[in-house]
Every structure is written in C-alpha cells, then in structure tokens.
Q: 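There's a structure below that I have some questions on.
Whatever order the structure lists ligands and atoms in, that order sets their numbers, starting from 1. Any value given below was found using the heavy atoms of this structure, including those in side chains, with hydrogens, waters and symmetry copies removed.
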Amino acid sequence: MPFTSLGLVPELVRAVAEEGYERPTPIQQEAIPLALAGRDLIGSAQTGTGKTAAFILPILQRLARGGAARTLRALILVPTRELAEQVLQSARAYGRHIDLTAAAVYGGVGMEPQTRALKHGADIVVATPGRLLDHMERGHVDYSRLEVLVLDEADRMLDMGFAPDVRRILAALPDERQTMLFSATVSAEVDALARTALAGHASVEIGRRAQPADGIEHVIVAADKVRKRDVLARILQAKPAGQTLIFTRTKYGADKLATFLRREGIPANAIHGNKAQSHRQRTLAAFREGTADVLVATDIAARGIDVDGIRMVVNYDVPNDPEIYVHRVGRTARAGAQGLALTLISPDEWLLMGDIEKLIGRTFPREVIPGFEPSVPPLQPRAVAAEQPRPARSVRMRVGRGRR
Ligand code: AMP
C-alpha cells in the first residue's frame with residue numbers, strides 16, 4: 001500500500017518520500033486514515049514502528065486546512081526531553097512543505113524562548129508534562145483553540161510519575177478535541193488514563209503484545225559478574241559493530257562502564273538524566289556522527305534516543321522486566337533493518353533470562369568467550385519454544401467514534 005492511498009495531501013506525501021519512506025508501516029496504515037477522519041485512537045505500538053509519523057502526519061494535515069494560526073492547536077505530551085526534541089524534528093521534517101510552526105517545551109533549558117513560542121508562535125507544541133505545567137501556572141498557555149492532544153509513550157510517562165501532571169493538564173483542555181494515545185504496553189494504569197483522556201472512546205489498538213522486530217538476532221554471552229566489563233571490551237575490540245547502545249540499570253553503572261571502555265581504547269560516552277542537556281546533546285551528536293559510536297545509557301535516558309542504524313544493543317545488566325528487554329532491543333533493527341541484541345549474563349541472572357525467552361517465545365543461543373568462562377556453566381533453555389509458539393504479530397482493532 002503506497003502513502004498516496006492513505007488520504008494524505010500531496011505536500012505530506014512529498015515530505016515522506018523525501019525522508020526515503022517507501023510505504024507506510026502497519027501502524028501508519030491503520031492509524032492515519034482514522035486519525036484523518038478525526039477519530040480518537042489508542043495505538044499500542046512500541047518505538048521503531050513508525051508511530052510518530054502515524055500521529056504527526058494527520059495533525060499536520062488537519063491544522064494545514066485552517067492555515068497557520070500561530071496559536072496552540074495541537075499538543076503532544078512526551079515523557080523525556082530527548083523524545084520532545086525528536087518529535088519536534090519529525091514534525092518539522094514531515095511539515096517542511098506546510099506553513100505551520102512547531103516548538104518543544106521541556107525542562108533543563110531556559111523558559112523564555114518557550115514562553116515566546118507558547119504565546120505567539122507555535123501551532124504544534126511538543127512538551128514534557130512538568131515544564132508545561134510550569135508555563136501553565138505562569139499564564140503562558142492558552143488552550144482555547146486546542147484541537148488535538150497526543151499522549152506519546154503513555155506507559156513511560158506514568159512510570160516516570162507524571163500521572164498527576166498529566167491529569168492536571170487534561171483538566172485544562174477543551175473537551176471538544178481529538179485525542180490519540182500511544183503506549184508500548186497497555187497496563188491497567190494506561191487503560192485508566194485512556195479512559196479519562198479519551199472519554200471512553202477507544203479506537204484503534206494495534207499489536208497489543210510487545211514483540212521485538214524480526215530483523216534482530218539475539219545472543220546471550222555467559223560471564224561472571226565481575227568479568228562482564230572485560231568480556232564486553234573484548235567483544236567490542238574484536239568486532240566493532242558500528243553504533244552500539246549499551247544498557248545499564250543505574251546511572252552510576254553507566255558512567256563507570258563508559259570510563260572503563262574508554263580506558264580500553266573504545267570511544268564510549270554515557271548518557272543519563274543527571275547530565276546537563278547540552279552534554280546530552282553533544283553526546284548524542286557524537287553518537288549519530290559516529291565519532292564516539294558506543295553509548296552507555298540507562299533505560300529512561302535511552303527512551304528518547306532516535307538514531308537509525310544502531311547495529312547492536314547490549315544488555316549489560318539483564319532487565320528485571322521482560323518488557324524492558326523488548327524496549328531495549330527495539331532500538332536496533334528499526335524500520336526493517338538488521339540488528340544484534342547481545343545480553344551479558346551472570347549466573348544469578350538466568351531466571352530473568354528465562355522470563356524474557358518466555359515472553360518472546362524463543363530461546364537464544366548461549367555463548368562463552370574463551371578465557372572468560374563463567375564459574376557456573378550457562379543454564380540450558382527451558383523448552384519454551386515448544387510450549388509457546390511465537391505469536392503471530394497481532395493486529396487488533398477496536399473502533400469507536402471519538403468525542404464528537
Ligand atoms: P518511531 O516508531 O516513530 O520512533 O519511528 C522509528 C523510525 O522509523 C524513525 O527513525 C522513522 O524515521 C522511521 N520511519 C517511520 N516511518 C517509516 C516508513 N514508513 N518507512 C521507513 N521508515 C520509517
């Protein structure tokens with residue numbers, strides 16, 4: 001199905017062609033026609049599925065109909081500043097042939113340019129909840145012409161404790177509006193938020209169960225905990241993969257590992273919430289450009305990193321929650337590319353790995369690096385694959401009429 005059959009205006013079709021997109025992703029095929037029709041929708045889609053374009057393109061088209069008003073008409077709430085920047089860049093890229101303005105509003109940088117954008121500039125505002133509330137309290141925000149609300153990565157916003165902020169923002173918005181909610185997982189909390197935000201009119205629900213992309217090869221390397229960093233250095237030195245994103249559980253762990261890798265001659269940087277915004281931007285730029293193509297990140301910091309062409313994701317610590325594994329490895333093999341997900345596992349982490357294999361419905365090959373054999377041999381896979389065939393990628397739809 002080509003982009004032209006989704007009902008998009010030529011200016012948008014041209015912009016996506018210039019981005020190099022040949023055809024819409026499944027979520028774009030499902031969501032765009034419904035969003036263009038003004039429906040409310042819930043997209044349960046993980047990062048890397050093309051969900052940003054699925055909501056931005058219909059917003060651009062809807063607002064373009066009325067021409068540039070330079071007043072706030074579409075609000076996109078996101079959990080992190082990185083994601084805010086990224087969604088802003090997408091809005092600008094897809095909207096390059098349309099006369100609309102977009103701005104981002106997030107903490108850690110000055111209020112003043114944001115105030116100006118909120119007061120007289122932006123048709124589309126991408127914001128993190130905390131900073132937006134700050135502006136609201138100072139009287140900088142006028143929602144009287146608001147037409148569209150997007151809650152992006154709703155699960156992550158709730159995980160980060162933004163529920164009260166989001167609810168206060170919702171209470172200030174006009175009832176007559178289109179609302180779209182996107183979330184990688186739809187937990188009871190997300191469901192409850194959706195019920196408030198969408199007034200019970202859930203619409204599209206796509207790919208409910210989080211599954212990693214097909215192009216990812218998963219490998220487990222068994223090593224003792226104290227030797228993990230040496231094993232990782234050996235692997236990176238022996239076979240530089242190109243852009244590599246490494247996950248650690250803690251900020252401290254991220255810094256320590258990046259320092260160790262640099263000492264081993266591997267150009268690595270760490271990114272996490274304690275770093276200044278300018279530092280994060282420099283680090284991301286170096287990663288994108290390939291001057292330092294190894295990035296160590298915590299889960300929250302990595303949420304907003306949108307870099308195509310990440311070749312390898314490394315789980316330095318095995319995540320406690322199998323869904324987090326799916327989020328992490330979703331940073332590679334985006335939009336149909338190939339990628340490698342490498343998990344370093346110490347003897348105490350095998351049970352967690354079993355849960356991950358169970359969720360995904362596959363077992364992964366176990367490897368050891370000669371000279372770094374673990375003191376306890378790798379646990380062999382439970383027979384999960386036989387019991388639980390990998391579910392087909394599900395597409396479920398629940399269509400409602402939206403608010404109006
Ligand atoms: P998202 O899920 O919105 O974070 O998008 C993931 C990546 O896929 C982004 O880097 C987009 O530029 C890219 N992308 C989005 N839609 C398409 C498409 N239809 N074809 C190819 N790439 C796409």
Side-chain angles (χ1 to χ4, degrees), residues 1-8 12-33 35-36 41-61 76-96 102 104 124 126 150-157 180-185 204 206-208 210-216 242-243 245 284 287-289 297 299 301-311 313 326-339 393 395:
M1 180 196 275
F3 269 103
T4 43
S5 59
L6 295 179
L8 294 167
L12 293 174
V13 173
R14 214 166 100 211
V16 293
E18 287 162 1
E19 287 296 301
Y21 302 171
E22 284 168 10
R23 64 191 73 80
T25 64
I27 193 167
Q28 290 164 0
Q29 288 177 25
E30 300 285 341
I32 290 174
L36 285 175
L41 60 90
I42 297 180
S44 53
Q46 58 201 100
T47 329
T49 53
K51 67 182 166 62
T52 315
F55 63 78
I56 295 274
L57 292 167
I59 288 177
L60 290 166
Q61 181 145 333
I76 301 162
L77 288 180
V78 298
T80 63
R81 12 188 184 177
E82 278 83 11
L83 190 60
E85 271 300 326
Q86 220 179 96
V87 171
L88 175 68
Q89 296 317 323
S90 300
R92 289 189 172 149
Y94 304 144
R96 68 168 76 95
I124 301 170
V126 190
V150 176
L151 298 164
D152 192 16
E153 303 202 349
D155 49 349
R156 189 56 47 167
M157 277 199 280
M180 297 183 252
L181 179 147
F182 291 85
S183 191
T185 52
V204 196
I206 301 162
R208 194 167 172 64
Q211 281 291 328
D214 292 329
I216 303 178
Q243 283 166 330
L245 184 58
L284 275 179
F287 185 62
R288 274 204 189 91
E289 289 153 14
D299 287 297
R303 228 15 222 202
I305 301 171
D306 179 29
V307 177
D308 284 336
I310 293 180
R311 301 284 307 157
V313 166
V326 176
H327 289 310
R328 288 183 175 182
V329 305
R331 315 321 302 255
T332 183
R334 302 182 87 175
Q338 298 292 304
R393 191 172 293 202
V395 176

Q: Among residues at least two apart in sequence or on other chains, which ones pass salt bridge (Lys or Arg N to Asp or Glu O under 4.0 Å) with Arg311?
A: none

Q: Which of the atoms of ligand 1 are close to Phe3, meaning less than 4.0 Å from one of its heavy atoms?
A: 19 (N)

Q: Test side chain to side chain contact (heavy atoms under 4.5 Å, CB included) on Thr52 and Phe182 and set out the steps.
A: CA-CA 9 Å; Thr52 315; Phe182 291 85; over 6 Å; no

Q: Ligand 1 and Thr49, any nitrogen or oxygen pair closer than 3.5 angstrom?
A: yes

Q: Using a 6.0 Å cut-off, check whether atom CZ of Arg23 has over 12 heavy atoms from anything other than its own residue.
A: no

Q: Only heavy atoms of Thr52, strictly under 4.0 Å: list the atoms of ligand 1 that pass.
A: 1 (P), 3 (O), 4 (O)

Q: Distance under 4.0 Å to a non-hydrogen atom of Thr25: what atoms of ligand 1 satisfy this?
A: 17 (C), 18 (C), 19 (N)

Q: Which ligand 1 atoms, with their elements, are less than 4.0 angstrom from a heavy-atom of Gly50?
A: 1 (P), 2 (O), 3 (O), 5 (O), 15 (C)

Q: Between Lys51 and Asp152, is the side chain to side chain contact (heavy atoms under 4.5 Å, CB included) condition met? List the steps.
A: CA-CA 9 Å; Lys51 67 182 166 62; Asp152 192 16; 3.0 Å; yes

Q: Flag the pair Arg14 and Glu19 as a salt bridge only when some basic side-chain nitrogen lies within less than 4.0 angstrom of an acidic carboxylate oxygen.
A: no

Q: Where's the contact between Arg23 and ligand 1, heavy-atom distance under 4.0 Å: side chain, backbone, both or neither?
A: backbone

